[in-house]
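Working notes, structure below.
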Number of protein chains: 2
Amino acid sequence: MNVKNSYTLADVALRAEVSEITVSRVLRNKASVADKTRERVLAVVRQMGYVPNRVAGTLASAGSNLIGVVLPSLSNIVFPDVLRGIHASLASSGYQPVIGVTDYDMNTEEELVASLLSWQPAAMIVSGLHHTDYTVAMLKRSGVRIAELMDIDSPPLDIAVGMSHRQAGYDTAMHLHKRGYRRFGYVGHDRERDERAARRYEGFREGLQALGLSLIGEATLDGPSSTQAGRELLGQLLAQHANLDVVVFSNDDMAVGGVFHCFAAGIKPREDLALFGFNGLDIGQALPQPLSTILSRRFLIGKTAAEMILQSPDYPGQPTICDTGYDIVEGETA
Amino acid sequence: MNVKNSYTLADVALRAEVSEITVSRVLRNKASVADKTRERVLAVVRQMGYVPNRVAGTLASAGSNLIGVVLPSLSNIVFPDVLRGIHASLASSGYQPVIGVTDYDMNTEEELVASLLSWQPAAMIVSGLHHTDYTVAMLKRSGVRIAELMDIDSPPLDIAVGMSHRQAGYDTAMHLHKRGYRRFGYVGHDRERDERAARRYEGFREGLQALGLSLIGEATLDGPSSTQAGRELLGQLLAQHANLDVVVFSNDDMAVGGVFHCFAAGIKPREDLALFGFNGLDIGQALPQPLSTILSRRFLIGKTAAEMILQSPDYPGQPTICDTGYDIVEGETA
DNA sequence: CTGTTAGCGCCTTCAG
DNA sequence: CTGAAGGCGCTAACAG
């Protein structure tokens, strides 16, 4: 496929009148090389525009600078934020992320993990704590560190970085109760696929139960979250249950849609109906009345995971659970 | 770095009582292998959980299944959308994207291109038509197909897929003039870094000039676009120029911020002040009054670029410019 | 249909 | 400080 037109170490060595290994050492700042030799080599490298072949390097040294990253989705800003965090830590380290996207499908995840592992990555970063048995087997056998992101509600394979979504759901109920709300509604999306939304929902219902309350009505979409869906579902929910005083949404995308429904229907957020989201997206905070929500620290999750891997890249490392926590954002809609 | 605990072709070959090359052929569905042999080999592979080492495979065959993708940013949904398009085309092809993010910095781009090329990718996908000389040299010398995305306002290296941002800016002026607007304002972000925003701005001003009009006022931020920035800048602009009848924003994020400013300040979009964006993001269309904007076809751009590469992966292919066009979305804010 | 031979480009190890 | 030999795991090319 590739035209064989690129230079090799041997070409550089020939022109610089040294051996291949000397060029290799210069390029990797390894061992000691005389300054004069180094400069001569570097001059030749620049002049030829030589680019090392890392494929060969990886094969020879049995270790790449790639980090496999498996994310469920890129449709929403949440995972790009995680990715930015990963990038931020990796930027100056020489490591390079290789991304795969599962669309919340565990079999796709399995294929991606196999495919990424075949590149001999230095570490793997995956999302969530649930995977197929074969995925788990491959990851364990790979001998590299594994970071599982977003969630800490189940035991991790190695490193887990994230927050308790169950607790966040529970705290949502408590927080809203403390603010005086009693008649709860819920608007959500596909919990089969989005496990973390499911954990929050469960925690939320547990919270209500602990308070001696229950959910008066809910509207749930059998698909991914979106602003448009949140807008429509809130309309449907209110048509059935006009007497709610607060509606909790599965995330901010949905909640912003809810706010838009209120605008269009002449409902005053908080005054007439309180709205509560999850994620703490910019868009919610830029609304005329900032959205009341829970801020998940997505950038921090990615950044922390990559840092932990860089810190002790060797497997097996110390198994760790890192709780990045969350903030309740008071906002003005609840 | 990696523990040497994974099986090799030789291990599989030994257990299946065939030669390495036979295992290799079975795994790649290459050449003809007797059904009986194939089954025996596959059984052993599954039982051992053997995962091929693509690093070695790539070195031996001088061709990887990786496609280097260099994007300027992931902070906004635009480039994740492009990435989804790329994924969509690549999904069943066996190719795998490797992502780099430049933060709109050309030197970072240069480093990333070098780093990605060192993995012997089957193709490279980059953003925009302007790169450092060294980046261009490396790309040309790589011998793989190069797709430059988003923009078709300058001559491409190989394949260009995108739209004319200059034309979009020009058409914005024409469209708004036709709708009766005469007193134009502009709210924008860092044009030094975001070239395409700069092209649109230029085209917009050219359009105004062709109409015998000029920009009455503008507010520009020396940083990346955001909803919050759009909101604040519109406030500032109106404080200085109260008599505008339409404001064009550098993109939808900024424009949605503008709409939020209007909500907060009691200004009725369109009736009191028209607002116009660029991108056609979901969020703008989910507003109580859908944003008037130009829809860029981001998913299509990524999808088309990847398809074109798959269609004729060999370099040099036919140099091509593919105009994915755009739609003016009438909306209700202009 | 199956096997043998000879590298791919680089890095590790061991000598100078 | 520099070099020579050998091999990483796989596959192209050529036998049988």
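Chain identifiers are assigned alphabetically (A, B, ...) following the order of the sequence lines, protein sequences preceding nucleic acid strands; residue numbering begins at 1 within each chain.
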When rounded to the nearest 0.5 Å, the distance separating CD1 of B/Ile146 from OG1 of B/Thr135 is 11.0 Å
Rounded interatomic separation in angstrom, taking CZ from A/Arg54 and P from D/dG9: 20 Å
Can you tell me the distance, in whole Å, between the CG atom of A/Asn53 and the P atom of C/dC10? 6 Å
Below 4.0 Å: OP1/OP2 of D/dC8 and any side-chain N or O of A/Thr58: no
Can you tell me how far P of C/dT2 sits from CD of B/Glu17, to the nearest Å? 14 Å
Describe the nucleic acid contact of A/Val18 in one word from base, sugar-phosphate, nothing, applying a heavy-atom distance below 4.0 Å. sugar-phosphate
Counting only side-chain N and O atoms of B/Thr8, is one of them less than 4.0 Å from OP1 or OP2 of D/dG9? no
Take atom CG of B/Leu14 and atom P of D/dG9, then tell me their distance rounded to the nearest Å. 15 Å
B/Asn65 CG to D/dT11 P, in whole Å, measures 12 Å
Could you list, one pair per line, each protein nitrogen or oxygen that sits under 3.5 Å from a nitrogen or oxygen of nucleotides 12-16 of chain C, together with the distance?
residue, atom, partner, partner atom, Å
C/dT12, OP2, A/Arg28, NH1, 3.1

Indicate whether OP1 or OP2 belonging to C/dC10 is found under 4.0 Å from a side-chain N or O atom of A/Tyr50. yes
Nearest-nucleotide check on DNA chain C, B/Leu59 vs B/Thr22; residue mapping nearer the 5' end is B/Thr22
Could you check how far CD of A/Gln120 sits from C1' of D/dG9, rounded to whole Å? 9 Å
Whole angstrom is fine here: how far is it from CD in A/Glu20 over to P in D/dA4? 10 Å
A/Leu27 CG to A/Leu9 CG distance, which is reported to the nearest 0.5 Å: 7.0 Å
